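Following: one structure in structure tokens, then a few remarks.
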Protein chains: 2
Amino acid sequence: MYVLIVEDDVRLADAVAQILRNNDYQVDVVHDGADGLSYGEAGIYDAIVLDVMLPKMNGFEVVAELRRRKVATPVIMLTARDALGDKVGGLDSGADDYMTKPFAPAELMARLRSLTRRQGEVVFETAEFGDIKLDLESCDLICGEKSIHLGFKEFSIAKILIANAGRVVSKETLIEKVWGYDSEVEDNNVEAYISFLRKKFEFVGSKVKITTLRKVGYRLDEGE
Amino acid sequence: MYVLIVEDDVRLADAVAQILRNNDYQVDVVHDGADGLSYGEAGIYDAIVLDVMLPKMNGFEVVAELRRRKVATPVIMLTARDALGDKVGGLDSGADDYMTKPFAPAELMARLRSLTRRQGEVVFETAEFGDIKLDLESCDLICGEKSIHLGFKEFSIAKILIANAGRVVSKETLIEKVWGYDSEVEDNNVEAYISFLRKKFEFVGSKVKITTLRKVGYRLDEGE
DNA sequence: CGAAATCTTAAAGCAAGCTTAAAGCCGCAC
DNA sequence: GTGCGGCTTTAAGCTTGCTTTAAGATTTCG
């Protein structure tokens, strides 16, 4: 379970992140609306916890923009203000749930569970490009008859490449979105995973190729 | 990642440049507004860090002029004054972000990341002149049906020539903008790349020519 | 023509990226 | 607790192709 927290109060954000991590969630934290949008846009999260009052873009704007860009990730809005106006605004702009600060950690957990369960029951997505498919539930790479399991990191990278098929994705972008923006991983790590992925693409007999653009990044191309 | 710093306080400018270089950014530093404008205008930077109080032209004027000339490079303004008036002025004139001095290096890094990330995802530009196009994302040179990949240096030079199409660009300018203002490269290096570029222009069957102006520089002309 | 500037090319140098093996880590089963 | 298996990370050697150098050919201008 992979959650994005967008909250400018660093202490609060870290506290929430810690609670979630203790409950076996994988968590990314960012501190302003613009980052929230660009992270959320990757579409790799199971839920987003989003503060309303944020630098650069407020929470409403972020949700609205995410929905406009066809990102369906469930969003829980957080706000100190409990005015009715806010609630309406938040839900209108595409949020799925709403909590006022302060809140009990247990309540957040419960709402997250309910949101992600709902999603798990209804949605069964599969990302596709060219002759390959990605089973978003089982993390399998499928091409015609053949299929092979991807590890979580391989899977995340494949998902981002597919989401940006035909466009160039830089190593920095991959590192930030897969490992988190403050991580220390080396470029070589990405290179290694690209290598693994290429091997698996080949194994399932796909024509899709990962093109290297030296000093720029990688791009998914429909081979042939 | 290529950043331009425009800051008249030499000590501060160097300190910031050092920090960025340590983080694998390529950095150019200039110390007044006029230089800031002419460097920024090349359009080769991923971001510009721009002080407000500068000799010759202040930061607001520089941004405004850059935008007027259709340069979309993200700009972070720096200022000691934190008056509201300044903030509004900076953002109005086309800056993308704003920081007050003194600031934590980490904050600058974070803002740069967020700015360049936003740009990388949204913008998909292509520079054109005559019958040729430059795909700014994949670094490909395109002319009609044909296209060919350019290396980074070739690409930078092509970009500058196109940005200044019809005008003369000196070798010194090219060296400063492509290799950095304190680099030691020989003129012959530029000549070699011009030669490579001419060959690739011909390969894609373009009519555009790189005209040599002896002892002056090069100019991109629409052939025919 | 001769000197200086520029062009072209081949080859050397170097950095980016690829691949693979091995070590590390973590959860799970016994 | 121990050991196994799978995923992740690290590290090293290797490959590829961009960059620079250098030397000779060519052009331009006085």
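No experiment lies behind these values; they were computed from the predicted model shown. All chains are named by letter (A, B, ...) in the order of the sequence lines, taking the proteins before the strands, and each is independently numbered beginning at 1.
For Asn164(A) (side chain) and Ile160(A) (main-chain N/O), a donor-acceptor pair under 3.5 Å exists by modelled atom type. Panel note: side chain Asp51(B), backbone Val6(B); no donor-acceptor pair is recorded below 3.5 Å.
Between Tyr45(B) and Tyr2(B), the ring planes are tilted. Angles from 30° to 60° get that label.
Protein chain A contacts DNA chain C over a range whose 5' and 3' limits, counting nucleotides with an atom under 4.0 angstrom from a non-hydrogen atom, are dA15(C) to dT20(C). Close approach of DNA chain D to chain A, defined as any atom under 4.0 Å from a non-hydrogen atom of the protein, starts and stops at dC7(D) to dC18(D).
Overall, the helix from dC1(C)-dG30(D) to dC30(C)-dG1(D) carries an axis bend of 20° between its ends, with five pairs at each end and the value rounded to 10°.
For Asp131(A), the side-chain contact (heavy atoms from CB on, under 4.5 Å) test picks out Cys143(A), Ser206(A), Lys207(A), Val208(A), with sequence neighbours left out. Evaluation of the side-chain contact (heavy atoms from CB on, under 4.5 Å) rule for Ser195(A) yields no partner, not counting sequence neighbours. Leu213(B) meets the side-chain contact (heavy atoms from CB on, under 4.5 Å) test with Val168(B), Val216(B), Arg219(B); sequence neighbours excluded. Among residues two or more places apart in sequence or in another chain, the side-chain contact (heavy atoms from CB on, under 4.5 Å) test is passed with Lys159(A) by Ile44(A), Leu134(A), Leu136(A), Phe155(A). Scanning for salt bridge (charged side-chain N to carboxylate O under 4.0 Å, His left out) contacts around Glu154(A) gives Lys200(A), with sequence neighbours left out.
For DNA chain C, the neighbouring residues in residues 199-218 of chain B, judged by any heavy atom under 4.0 Å, are Lys199(B), Thr212(B), Arg214(B), Lys215(B), Tyr218(B). Contacts with DNA chain D (heavy atom under 4.0 Å) in residues 185-196 of chain A: Asn188(A), Asn189(A), Tyr193(A), Phe196(A), listed by number. Near DNA chain D, defined here as any heavy-atom distance below 4.0 Å, there are no residues from residues 160-169 of chain B.
Asp140(B) and His149(B) are linked by a side-chain donor-acceptor pair at a separation below 3.5 angstrom, with hydrogens and angles left out of the test.
Residues Lys199(B) and Glu202(B) are not paired through a salt bridge, judged by the lack of any N-O separation under 4.0 Å between the basic side chain and the carboxylate.
Atom CD of Glu186(B) sits in a sparse spot, with 12 or fewer heavy atoms from other residues, nucleotides or ligands closer than 6.0 Å. The local environment of CD in Glu222(B) is crowded, with over 12 non-hydrogen atoms from other residues, nucleotides or ligands closer than 6.0 Å.
Val185(A) is not listed as a side-chain neighbour of Lys153(A), based on a closest heavy-atom distance of 4.5 Å or more. Looking only at side-chain heavy atoms (C-beta outward), Leu37(A) and Leu66(A) come within less than 4.5 Å of each other.
Note on residues 194-224 of chain B: pairs passing ring-ring contact (aromatic ring centres under 6.0 Å, His included), not counting sequence neighbours, are Tyr193(B)-Phe196(B).
Taken from CG in Leu141(A) to CG in Asp135(A), the straight-line distance is 10.5 Å, to the nearest 0.5 Å.
For the pair Leu12(A) and Glu7(A), the tightest heavy-atom approach, listed with the atom from each and the gap, is CD2-OE1, 3.6 Å.
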